[in-house]
2 protein chains.
Amino acid sequence: MQPSDSSQSGDRDFITCCRERGIKPTHQRTEIYRALMAREDHPNAETLYAAVKERVPTISLDTVYRTLRLFEEKGLVARVSTAGDSMRFDGNINRHHHFVCVQCHKVRDFYDDDFDRLKTPQTISRLGEIDSVHVELRGVCNDCQRQKRKKT
Amino acid sequence: MQPSDSSQSGDRDFITCCRERGIKPTHQRTEIYRALMAREDHPNAETLYAAVKERVPTISLDTVYRTLRLFEEKGLVARVSTAGDSMRFDGNINRHHHFVCVQCHKVRDFYDDDFDRLKTPQTISRLGEIDSVHVELRGVCNDCQRQKRKKT
DNA sequence: TCGCACATAGTAATAATTACTATCTGCGAA
DNA sequence: TTCGCAGATAGTAATTATTACTATGTGCGA
């Protein structure tokens with residue numbers, strides 16, 4: 001284990017989280033969780049696999065998939081809804097919303113009280129019980145707009 | 001072609017749509033479009049393939065995928081954001097929102113003026129240009145709740 | 001120290017999606 | 001009408017993403 005005070009405390013949180021949910025905080029799981037938390041870009045399993053491999057060279061892709069599924073089941077991480085491409089994960093389980101770039105598929109988190117306070121219309125309450133509200137803003141991120149301008 | 005007045009007029013619309021976007025309204029494409037529009041449940045390619053096969057027995061799965069990609073590119077249909085499972089399509093390209101059942105993954109459309117009027121916060125405008133706002137309500141639909149109650 | 005339950009690595013299997021190629025079809029020009 | 005061409009399709013192969021399987025490994029309590 002590398003010396004790192006901040007990650008140490010992060011690990012301690014993770015261990016507590018696991019205890020609460022009755023899952024074992026193994027070395028591999030700790031590293032997968034850490035790798036996910038270290039990113040803002042909602043990576044997929046393959047990307048996390050590559051990242052974790054740096055620190056745990058023997059880890060297998062299956063373990064990454066299996067662990068992410070477990071984490072999701074236990075509410076430690078969330079899947080990001082995407083249109084088509086591979087499944088992606090979000091370490092941020094606080095209430096938040098997403099800005100999705102339709103060009104490069106980058107997903108950025110953001111917070112907004114107005115969105116959180118949205119009241120669900122009557123017609124929907126009739127369809128079922130609503131647990132959460134997620135707002136997805138779609139558009140073109142600054143990076144992609146810059147590239148578009150270059151091309152023209 | 002089966003006799004059906006309502007579908008005839010629908011076809012005419014489809015043909016107009018295609019002309020506008022410079023794509024050929026072939027028999028297969030017409031049937032795929034019709035099959036998608038006939039459903040409320042945001043089917044995937046495989047499901048549409050099965051449905052279209054009834055009317056065009058020789059159609060190939062590739063054609064369905066290819067056609068749906070084309071339709072999406074041309075803005076005739078939209079992909080539905082899903083968490084993990086196969087990609088699904090929506091023939092409704094009017095502004096609307098989704099209620100997603102976290103158990104059975106059914107997706108239901110709904111309309112709401114309040115949601116449509118949502119103003120995007122300043123912090124996000126800085127991330128890029130926003131084209132559209134989609135609200136996703138997650139919960140358990142009535143059918144699934146009934147089943148849960150049965151089990152207990 | 002032993003035994004057991006759970007985790008993991010490595011790989012095989014499955015499922016979803018895309019690519020390839022030969023054939024087909026409709027349309028405009030001769 | 002016939003010819004030639006561009007685009008579309010069917011059938012299948014290839015690729016990619018995800019899950020399943022199995023033998024081995026590991027930590028922990030008795």
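Spacing between atom CG of Leu48(A) and atom C1' of dA17(D) amounts to 15 Å, rounded to whole angstrom units. Put simply, CD on Glu73(B) is 12 Å from P on dA8(D), counting in whole angstrom units. Summarising the geometry, the separation between CZ on Arg79(A) and P on dA17(D) is reported as 15 Å, rounded to the nearest angstrom. Arg29(A) places its CZ atom 11 Å from the P atom of dC6(C), with the value rounded to the nearest Å. The CD1 atom of Ile23(A) sits 8 Å away from the P atom of dA7(C) (whole-angstrom rounding). The distance from atom OH of Tyr49(B) to atom P of dA16(C) is 14 Å, rounded to the nearest whole Å. Separating the CZ atom of Arg69(A) from the P atom of dA17(D) is a distance of 16 Å, rounded to the nearest angstrom. dT18(C) atom P lies 13 Å from atom CD of Glu46(B), rounded to whole Å.
For Thr63(A), counting side-chain heavy atoms from C-beta on, the closest listed nucleotide (dT8(C), dT18(C), dG10(C)) is dT8(C). Here the nucleotide nearest the side chain of Lys24(B), chosen from dG7(D), dA16(C), dT8(C), is dG7(D). Comparing dA20(D), dT18(D), dT9(D) by their closest approach to the side chain of Arg66(B) singles out dT9(D).
Taking the nucleotide of DNA chain D with the nearest heavy atom to each of Ala45(A) and Leu61(B), the more 5' of the two is matched to Leu61(B).
At a threshold of 4.0 angstrom between heavy atoms, the contacts of Asn44(A) with the nucleic acid are absent.
In the hydrophobic cluster analysis, where Ile, Leu, Val, Met, Phe, Trp and Tyr join through side-chain heavy atoms closer than 4.5 angstrom, Val56(B) is grouped together with Met37(B). The hydrophobic cluster containing Val100(A) does not contain Phe115(A), counting ILVMFWY residues as joined when their side-chain heavy atoms lie under 4.5 angstrom apart, directly or transitively.
Between the side chain of Arg79(A) and the main chain of Thr82(B), no donor-acceptor pair closer than 3.5 Å is present.
Put simply, Tyr65(B) has a side-chain N or O that comes within less than 4.0 Å of OP1 or OP2 on dT17(C). Between Thr58(B) and dA10(D) there is a side-chain polar atom (N or O) within less than 4.0 angstrom of OP1 or OP2. For Gln28(A) and dT26(D), the shortest distance from a side-chain N or O to OP1 or OP2 is not below 4.0 Å. The side chain of Ser86(A) places no N or O atom within less than 4.0 Å of a non-bridging phosphate oxygen (OP1 or OP2) of dT16(D).
Nearest heavy-atom pair across Arg55(A) and Glu31(A) is NE-OE1, 2.7 Å. In this structure, Ile32(B) and Val52(B) approach most closely via the heavy-atom pair CA-CG2, 3.8 Å.
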